[in-house]
Protein chains: 2
Amino acid sequence: MSKALTPSTQDYLEVILQLSENNHSTRITDIANALNITKASATQAIDTLINEKMVLKEKYGPVSLTKKGELAALKVKKMHKIIREFLVTVLQVDADIANKDACLIEHVISPQTIAGMIAFLEKGNYQISSDLNLKKAAELLKSDL
Amino acid sequence: MSKALTPSTQDYLEVILQLSENNHSTRITDIANALNITKASATQAIDTLINEKMVLKEKYGPVSLTKKGELAALKVKKMHKIIREFLVTVLQVDADIANKDACLIEHVISPQTIAGMIAFLEKGNYQISSDLNLKKAAELLKSDL
DNA sequence: TAAATAAGTTAGGTAAGCCTAACATTTTTT
DNA sequence: AAAAAATGTTAGGCTTACCTAACTTATTTA
């Protein structure tokens with residue numbers, strides 16, 4: 001049985017997804033740098049994600065997401081995006097601060113509150129950043145985390 | 001030097017304040033019940049708050065907040081109230097869910113985002129619950145956490 | 001007031017998530 | 001290809017925040 005992901009492991013998934021979008025191959029060092037932790041900690045965290053069948057990796061090799069891991073990562077990313085968007089457009093929070101807050105809030109917020117943000121963004125006449133597809137986001141969030 | 005409070009210790013302060021508002025004396029058992037943890041855990045957590053000069057307590061006696069502890073608790077309470085109010089009135093989240101979310105968000109949100117919520121509540125024509133004084137709240141949050 | 005119950009404490013244990021230091025492997029450079 | 005540098009792993013430690021079990025102290029009640 002797969003356990004609920006912790007905030008920490010969700011962060012790992014998120015950066016692995018991001019790194020794999022930008023770069024060819026994702027390495028322990030990249031992850032450690034992105035999260036500002038040591039390589040030892042990254043190795044350890046990746047091990048638990050491997051046990052959860054979320055990532056694939058051979059010894060000394062690069063890290064990649066499984067389908068399951070990618071889905072989970074996409075969910076986290078969507079949450080992040082919605083929250084950030086909401087903070088920036090509705091609450092007028094500076095982009096970098098909004099980003100940090102989103103990173104923390106995304107792990108603790110309820111589906112209802114996220115839904116509220118989505119609804120608010122949809123009906124309001126705020127400028128939505130182009131790559132935020134709210135319909136898709138709402139869909140994704142229906143599946144359980 | 002007093003350390004930054006963790007989310008957990010902030011929760012303790014919050015319930016101690018709440019319990020001391022309702023009841024005459026606040027006991028370890030009350031705190032443990034309110035937070036759904038064992039008495040042993042409560043005892044331990046209270047010990048760290050005693051070291052931080054946030055609460056007073058004699059062996060086997062009741063728990064009370066110091067001035068310092070009360071101030072800290074009031075700040076957390078204000079944060080909680082603002083967030084809950086925002087979720088309920090702006091995002092139309094159910095009261096109980098809003099309450100749970102506020103409890104988690106209050107520990108991770110930036111001053112800017114809280115300020116954004118306050119500003120939004122102030123200018124919007126939402127019904128604000130009577131005991132939420134936004135001016136006072138904004139003041140309180142200026143002092144460092 | 002003695003026995004029963006409730007309240008509080010202490011000791012020892014667990015899990016997450018980080019760390020450093022030492023070591024192993026791989027890649028790069030000369 | 002050998003040496004140097006970078007990368008990854010392992011072992012052992014620390015802190016927070018919980019837990020259970022056993023015990024002590026206080027309160028209630030028969």
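Throughout, protein chains are lettered first and strands after them, A, B, ... in sequence-line order, and every chain is numbered starting at 1.
The same ILVMFWY cluster, assembled from side-chain heavy atoms under 4.5 Å apart, contains both Leu87(B) and Leu121(B).
Residue Thr38(B) has a polar side-chain atom (N or O) positioned under 4.0 Å from OP1 or OP2 of dC19(D). Considering only side-chain N and O atoms, Tyr12(B) lies nowhere under 4.0 angstrom from the phosphate OP1 or OP2 of dT16(D). For the OP1/OP2 pair of dA16(C) and a distance below 4.0 Å, the side-chain nitrogens and oxygens of Thr48(A) include no atom meeting the criterion.
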Review item, side-chain donor-acceptor pairs of residues 54-65 of chain A, under 3.5 Å, at least two apart:
none

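With sequence neighbours excluded, the residues satisfying side-chain contact (heavy atoms from CB on, under 4.5 Å) with Ala45(A) are Tyr12(A). For the side-chain hydrogen bond (donor to acceptor under 3.5 Å, both in side chains) test, residues two or more places apart in sequence or in another chain that qualify with Thr38(A) are Ser41(A). For Asn51(B), there are no side-chain hydrogen bond (donor to acceptor under 3.5 Å, both in side chains) partners at least two apart in sequence or on another chain.
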Output one line per pair: protein atom, nucleotide atom from nucleotides 6-10 of chain D, and distance, for all N/O pairs under 3.5 Å.
residue	atom	partner	partner atom	Å
dG8(D)	OP1	Arg27(A)	NE	2.7
dG8(D)	OP1	Arg27(A)	NH2	3.0
dG8(D)	OP2	Thr29(A)	N	2.8
dG8(D)	OP2	Thr29(A)	OG1	2.4
dG8(D)	N7	Lys39(A)	NZ	3.0
dT9(D)	OP1	Lys57(A)	NZ	2.2
dT9(D)	OP1	Tyr60(A)	N	3.4
dT9(D)	OP2	Thr43(A)	OG1	3.1
dT9(D)	OP2	Lys57(A)	NZ	3.4
dT10(D)	OP1	Lys59(A)	NZ	3.3

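At whole-Å resolution of the value, CD1 in Ile31(A) and P in dG17(C) are 15 Å apart. Atoms CG (Leu35(A)) and C1' (dG17(C)) sit 12 Å apart, rounded to a whole Å. At whole-Å resolution of the value, NE2 in His107(B) and P in dA17(D) are 11 Å apart. Straight-line distance from the CD atom of Gln10(A) to the P atom of dG17(C): 10 Å, rounded to whole Å. Ile46(B) places its CD1 atom 15 Å from the C1' atom of dC18(D), with the value rounded to the nearest Å. The separation between Ile50(B) atom CD1 and dG8(C) atom P is 13 Å, rounded to whole Å. Going from atom CD of Glu52(B) over to atom C1' of dT16(D) covers 13 Å, rounded to whole Å.
Residue contacts shown for Thr6(A) are limited to sugar-phosphate atoms, with no base heavy atom under 4.0 Å away.
Applying the salt bridge (charged side-chain N to carboxylate O under 4.0 Å, His left out) rule to pairs touching residues 20-37 of chain B yields Glu21(B)-Lys77(B), sequence neighbours excluded.
The shortest distance between side-chain heavy atoms of Asp101(B) and Ile83(B) does not fall below 4.5 Å.
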